[in-house]
Peer 1: 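Questions regarding the structure given below will be posed in turn.
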Amino acid sequence: AKSARPLSTKLPIHLVLKSSDAIGIFSFLNPKNTKRIKVLITKTSKMFKIQVLEYSINGNHLHLLIRGKRRDDIKNFMRTL
């Protein structure tokens with residue numbers, strides 16, 4: 001039987017989100033897109049009570065260091081973002 005992976009609410013989670021569509025004008029480094037991503041990270045983290053310790057926006061992927069209190073909040077944050 002499958003079981004849930006262990007999740008520590010005390011240690012941060014390193015999360016990498018990648019997009020194969022982030023090329024050219026759709027690159028995350030495009031100033032317009034970078035601004036939208038920052039706003040989206042802020043709004044989504046507040047909505048699900050996730051603490052974003054650090055983040056890095058790259059051309060086609062994002063690195064996030066997050067911490068959450070509940071498994072469902074972390075799942076919903078990742079799904080929404």
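Values reported hereafter were calculated over all heavy atoms of this structure, with side chains retained and with hydrogens, waters and symmetry mates removed. If you read the sequence from its start, that first residue is 1, and numbering goes on from there.
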Peer 1: Running the 4.5 Å side-chain criterion over Ile, Leu, Val, Met, Phe, Trp and Tyr, what cluster does L53 land in, apart from itself?
Peer 2: L65
Peer 1: Suppose we screen for side-chain contact (heavy atoms from CB on, under 4.5 Å). Which residues come up paired with K38, at least two apart in sequence or across chains?
Peer 2: T34, Y55, I57
Peer 1: Strictly by side-chain hydrogen bond (donor to acceptor under 3.5 Å, both in side chains), give each pair with a member in residues 71-81 just once, sequence neighbours left out.
Peer 2: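 The answer is N76-R79.
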Peer 1: To the nearest 0.5 Å, how far apart are CG in L17 and CG in N58?
Peer 2: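 One gets 11.5 Å once the value is rounded to the nearest 0.5 Å.
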Peer 1: Under 3.5 Å, which donor-acceptor pairs do the side chains of residues 1-11 form with other protein atoms, sequence neighbours left out?
Peer 2:
| from | atom 1 | to | atom 2 | distance (Å) |
| --- | --- | --- | --- | --- |
| S8 | OG | K10 | N | 3.2 |
| S8 | OG | L11 | N | 3.1 |

Peer 1: Could you list the donor-acceptor pairs under 3.5 angstrom formed between side-chain atoms of residues 44-51 and any protein atom two or more places apart in sequence or on another chain?
Peer 2:
| from | atom 1 | to | atom 2 | distance (Å) |
| --- | --- | --- | --- | --- |
| T44 | OG1 | L40 | O | 2.7 |
| S45 | OG | I41 | O | 3.0 |
| S45 | OG | T42 | O | 2.9 |

Peer 1: Quick check for you: to the nearest 0.5 Å, what is the distance between L15 atom CG and I74 atom CD1?
Peer 2: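 Atom-to-atom, L15:CG and I74:CD1 are 9.5 Å apart.
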Peer 1: Can you list every ring pair (Phe, Tyr, Trp, His ring centres under 6.0 Å) pair that touches residues 20-47, not counting sequence neighbours?
Peer 2: none
Peer 1: With clusters built from Ile, Leu, Val, Met, Phe, Trp and Tyr whose side-chain heavy atoms come within less than 4.5 Å, directly or transitively, what are the remaining members of the cluster of V39, listed by chain and number?
Peer 2: none
Peer 1: Does H14 have any ring-ring contact (aromatic ring centres under 6.0 Å, His included) partners at least two apart in sequence or in another chain, and if so, which?
Peer 2: H63
Peer 1: For residues 17-27, which residue pairs qualify under side-chain hydrogen bond (donor to acceptor under 3.5 Å, both in side chains), counting only residues two or more places apart or in two chains?
Peer 2: none
Peer 1: For L81 and L64, run side chain to side chain contact (heavy atoms under 4.5 Å, CB included): C-alpha distance rounded to whole Å, both residues' side-chain angles, the deciding distance at 0.1 Å, then the answer.
Peer 2: CA-CA 11 Å; L81 191 61; L64 297 152; 3.6 Å; yes
